Amino acid sequence: MANKFETVKATKDGLAVRAELEHFAQIGWENIPEEDRDLRLKWLGIFFRPVTPGEFMLRFRIPHGLLTSQQLQVIGDIIDRYGDRGNGDITTRQNLQIRGIKIEDIPDIFSKLESCGLTSVQSGMDNVRNITGSPVAGLEKDELIDTRDLVQRVQDMITNGGQGNPEFTNLPRKFNIAIEGSRDNSVHAEINDVAFVPAYREGILGFNVVVGGFFSSRRCEAAIPLDAWVQPDQQVVDLCRAILEVYRDHGLRANRQKSRLMWLIDEWGVTKFREEVAAKLSFPLLTAAPKDELDWDKRDHLGVHPQKQAGLNYVGLHVPVGRLYANDFFEFSRLAASYGSGEVRLTVEQNLILVNVPDEKLEALLAEPLLDKFKVNPDNLKRSVVSCTGAQFCKFALIETKNRALAMVEALEKELTVPSPVRIHWTGCPNSCGQPQVADIGLMGTKVRKDGKTVDGADVYLGGKVGKDAHLGTCVHKSIPCDELQPLLAQILIEQFGAVRR
Ligand code: SRM
Ligand code: SF4
C-alpha cells in the first residue's frame with residue numbers, strides 16, 4: 001500500500017506547481033490547495049512554515065557552496081524587503097535558506113534568481129539535496145581533484161541545468177550526494193547516500209564510491225563501500241545517474257521510514273545493488289582501489305590561509321550558527337568584490353570563506369568592522385558550534401537550538417579554557433539535520449519530565465570522528481534537562497577534551 005506522499009506524487013508531479021505560481025501569488029497563501037502549499041511547492045524549494053504561516057522559507061541549491069558577490073547582493077535584496085522577518089541561514093549541506101518570503105513575491109524573486117544564475121529547484125522533499133564538495137577546491141596545493149566542475153555537472157544532470165527534471169522528481173525519499181576532492185573528508189562522505197572519495201587505482205587518480213549513509217529518526221548508518229572506482233570525469237555523472245535510476249525504480253516506497261537507499265541495499269545486498277547499477281553503465285564498473293586518500297583530519301577552514309596561487313589567500317570567517325541578515329549579505333558581497341575575486345564559498349560547518357585575497361589587501365580586510373561579527377579566529381568552542389534550525393522556524397523541533405547553542409558556548413567559555421576546538425553540534429529533533437552523530441559532542445533535542453513538568457532536554461552524543469577514518473558518535477546520556485546541560489558539558493570538556501576551569 002502506498003503511503004500518503006506516494007499518492008500525492010502520483011496524483012501530480014511536484015514540479016507541476018511551477019505553472020501555477022502566478023496564480024498562487026494572486027490568491028495568497030491561505031487559498032492555495034493544502035497539498036500544493038505544504039508539499040508540492042517544496043519541489044521548487046518553497047517551504048510553507050506552519051510556525052510562521054504566510055512567511056515561507058526558500059531553500060536554494062548552491063552546488064559546492066560557490067556563490068558570487070552579485071548573487072549575495074541579490075539574496076540580500078530579496079530578504080531586505082521583509083525587514084526584521086527576513087534572514088538567511090547557511091545550512092549543514094553548504095547551502096543557503098532564506099526566510100520571510102511572501103508567496104506574492106515569488107514570481108519576481110524567481111526572475112531575480114534566474115538572472116543571477118541561482119536556482120531552488122528540487123531542493124526539498126523526494127529529490128536530491130545540495131551536492132557538496134571541498135570548500136577550498138581549486139585553492140590548495142595539496143588538493144587531489146578539483147571537483148567544482150563535476151559537482152556542477154551532476155547537479156545539471158539531476159535538475160536539467162536548473163530547469164527541473166521530471167526524471168528525478170519522484171524518488172522514494174530524499175537523497176544526498178557528496179564529491180570529495182581533498183584529503184580531509186570535508187564533506188562528511190560517510191553520511192551521504194552516495195559519496196565519491198579520492199583514490200588511486202593502478203596509479204590513476206579517481207574515486208572510490210561509498211553508498212547508503214543516512215540519518216533518520218528511525219535509524220542512522222554510515223555509508224558502506226560499493227566496491228567501485230570511477231574516473232574523475234563523465235563516469236561520475238553516469239554513475240550518479242545509474243544509482244538514482246536504480247533507487248527510483250526499485251527503492252522501497254511503502255513505508256517512508258524505510259525508504260532511504262540503505263534499506264534497498266539491505267534488502268538486496270550490496271552485490272546485487274552493484275550489479276543492477278553496473279548494468280546501466282556504458283563502461284565497465286571497476287572494483288574499488290585498495291585504499292582511499294583521505295589521510296587528514298578535518299579542518300574548519302577559518303582564518304587566513306595562503307592559496308596555491310602565489311600571493312593569494314583564502315580567509316575563512318566564522319558565521320555563528322550560520323545565521324545572516326540582509327546587511328550581512330550586502331557586506332559579504334562588498335568584501336568579496338573589493339578584496340577578493342568576487343567569489344565566496346560556504347562550508348558544511350555553516351561558515352563562509354572569502355577567496356583570492358591578495359597579500360597586500362589582507363591587512364585592510366582584517367580591519368573591516370564586519371570581521372568583529374564574523375571572526376577569523378573565534379574562541380575554541382564558539383568556532384565549532386553547528387546548529388539546525390530548531391523551534392524558531394521548524395515544526396518538528398522539540399527544542400529551540402540556534403540561540404541556545406550560542407548561549408551555551410558563551411557560558412562554557414566563561415567557565416573554562418579549552419585547549420583546542422571542540423565540535424559541538426545541536427539538532428532540534430531526531431531527524432538529525434544538525435548531524436550530532438558526527439560531532440565531538442552532539443546534542444539532540446527531546447522533551448523531558450522534571451519536577452512533574454515537561455521541559456526541554458537533550459540526548460548527548462559522544463565519539464563522533466570526522467576526516468580520516470570517520471565514524472559516527474553514539475548517545476551516551478539520555479534525556480538531560482537543558483537547564484542541567486551546562487555542568488554536564490563542562491565535566492565532559494574537562495575529562496575528555498583537556499579543558500580547565502578559569
Ligand atoms: Fe533536514 C527535514 C532543515 C540537513 C535530515 N530538514 C528537514 C526540514 C525540511 C523539515 C521541515 O519541513 O521543517 C527542515 C527545515 C527547517 C527550516 O525551516 O529550516 C530541515 N536539514 C535542514 C537544514 C536547514 C539544517 C540546518 O540548519 O542546516 C539542512 C538543510 C540542508 C540543505 O541545504 O539541503 C538540513 N537534514 C539535513 C541533514 C544533514 C546532511 O544532509 O548532512 C540531515 C541528516 C542526513 C540525511 O538526510 O541522511 C537531515 N531533514 C532530515 C530528515 C530525516 C530524513 C529521513 O530520512 O528520515 C528530515 C525529515 C524528513 O525528511 O522526513 C529533514
Ligand atoms: Fe527541524 Fe529536527 Fe531538522 Fe532541526 S533536526 S531542522 S528541528 S527537522
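The figures here come from the full heavy-atom set of this structure, side chains too, leaving out hydrogens, waters and symmetry mates. Computed from a predicted model, the values in this text were never measured in an experiment. Read the numbers this way: they start at 1 and go in the same order the structure lists the ligands and their atoms.
Of the N or O atoms in Asn130, none lie within a sub-3.5 Å distance of an N or O in ligand 1. Between Ser217 and ligand 1, no pair of N/O atoms sits closer than 3.5 Å. In terms of polar-atom proximity, Asn431 is not counted as a contact of ligand 1, lacking any N or O under 3.5 Å from an N or O of the ligand. Between Ser432 and ligand 1, no pair of N/O atoms sits closer than 3.5 Å. Residue Ser216 has no N or O atom closer than 3.5 Å to an N or O atom of ligand 1.
In this structure, Gly322 has no heavy atom closer than 4.0 Å to ligand 1. At least one heavy atom of Lys42 sits closer than 4.0 Å to an atom of ligand 1. The closest approach between a heavy atom of Gln350 and any atom of ligand 1 is below 4.0 Å. The shortest separation from a heavy atom of Asp89 to ligand 1 is not under 4.0 Å, leaving the residue out of contact.
No side-chain donor from either of Glu343 and Ser69 sits under 3.5 Å from a side-chain acceptor of the other. In the model, Asp156 has a side-chain atom that pairs as donor or acceptor with a side-chain atom of Gln152 under 3.5 Å. At a cut-off of 3.5 Å, with distance as the only test, no side-chain donor of Asn192 or Arg129 sits close to an acceptor on the other residue. Judged purely by distance below 3.5 Å, without hydrogens or angles, the side chains of Lys298 and Asn185 never pair a donor atom with an acceptor atom.
Closest protein heavy atom to atom 24 (C) of ligand 1: Gln97 OE1, 3.1 Å. Counting only heavy atoms of the protein, atom 1 (Fe) of ligand 2 lies nearest to Cys394 SG, 2.3 Å. In terms of protein heavy-atom proximity, atom 4 (Fe) of ligand 2 is closest to Cys388 SG, 2.3 Å. Protein heavy atom in closest approach to atom 13 (O) of ligand 1: Arg49 NH1, 2.7 Å. In this structure, atom 4 (C) of ligand 1 lies nearest to the protein heavy atom Thr92 OG1, 3.3 Å.
Annotation for ligand 1: atoms under 4.0 Å from non-hydrogen atoms of Thr389 are 16 (C), 17 (C), 18 (O), 19 (O), 24 (C), 27 (O). Short contacts between ligand 1 and Ser387, defined as distances under 4.0 Å to a heavy atom of the residue, involve ligand atoms 27 (O). Of all the atoms in ligand 2, the ones that sit under 4.0 Å from a non-hydrogen atom of Phe396 are 8 (S). Residue contact check: Gln435 has heavy atoms under 4.0 Å from atoms 39 (C), 40 (C), 42 (O) of ligand 1. The Arg129 neighbourhood of ligand 1 comprises atoms 34 (O), with distances under 4.0 Å to a heavy atom of that residue. Every atom of ligand 2 is numbered from 1 in the order shown, and the set under 4.0 Å from a heavy atom of Ser432 is 5 (S). For ligand 1, the atoms sitting less than 4.0 Å from at least one non-hydrogen atom of Ile191 are 42 (O), numbered in the order shown with element in parentheses. For ligand 2, the atoms lying closer than 4.0 Å to a non-hydrogen atom of Ala397 are 7 (S). Each of the atoms 17 (C), 18 (O), 19 (O) of ligand 1 lies under 4.0 Å from some heavy atom of Arg99. Listed by number with element, the atoms of ligand 1 under 4.0 Å from a non-hydrogen atom of Cys394 are 13 (O), 16 (C). Residue-ligand proximity, Phe214 to ligand 1, at heavy-atom distances under 4.0 Å covers atoms 48 (O). Taking every heavy atom of Thr427 and a limit of under 4.0 angstrom, the matching atoms of ligand 2 come to 5 (S).
The closest non-hydrogen atom to atom 62 (O) of ligand 1, taken over Arg173, Gln257, Arg93, comes from Arg173. Considering each of Met125, Gln392, Lys174, the one bringing a non-hydrogen atom nearest atom 47 (O) of ligand 1 is Lys174. If you check each of Cys433, Pro436, Gly434, Ser123 against atom 25 (C) of ligand 1, the one with the closest non-hydrogen atom is Cys433. For atom 27 (O) of ligand 1, the nearest non-hydrogen atom from the set Pro430, Ala397, Cys388 belongs to Cys388.
In this structure a side-chain-to-backbone donor-acceptor pair under 3.5 Å is missing from Arg173 to Met125.
At a cut-off of 2.8 Å, Cys433 is not counted among the residues with an N, O or S atom near atom 2 (Fe) of ligand 2.
Contact annotation: for Arg218 versus ligand 1, there are no heavy atoms closer than 4.0 Å. Proximity of Arg59 to ligand 1, defined as any heavy-atom pair under 4.0 Å, is confined to the side chain (atoms from C-beta onward). The part of Asn176 lying near ligand 1 is the side chain, judged by heavy-atom distances below 4.0 Å.
Note on Asp77 versus Arg81: no salt bridge recorded, every NZ/NE/NH1/NH2 to OD/OE distance being 4.0 Å or above. Salt bridge annotation for Glu410-Lys382: present, with a cationic side-chain nitrogen under 4.0 angstrom from a carboxylate oxygen. Between Arg37 and Glu35 there is no salt bridge, since none of the side-chain N atoms of the basic residue sits less than 4.0 Å from a carboxylate O of the acidic one.
Annotation: Phe175 is not in aromatic contact with Phe168 [ring centroid separation under 6.0 Å not met].
With a 4.5 Å cut-off on side-chain heavy atoms, Leu171 and Leu244 count as touching.
Annotation: the span from Thr132 atom OG1 to Ile179 atom CD1 amounts to 8.5 Å, rounded to 0.5 Å.
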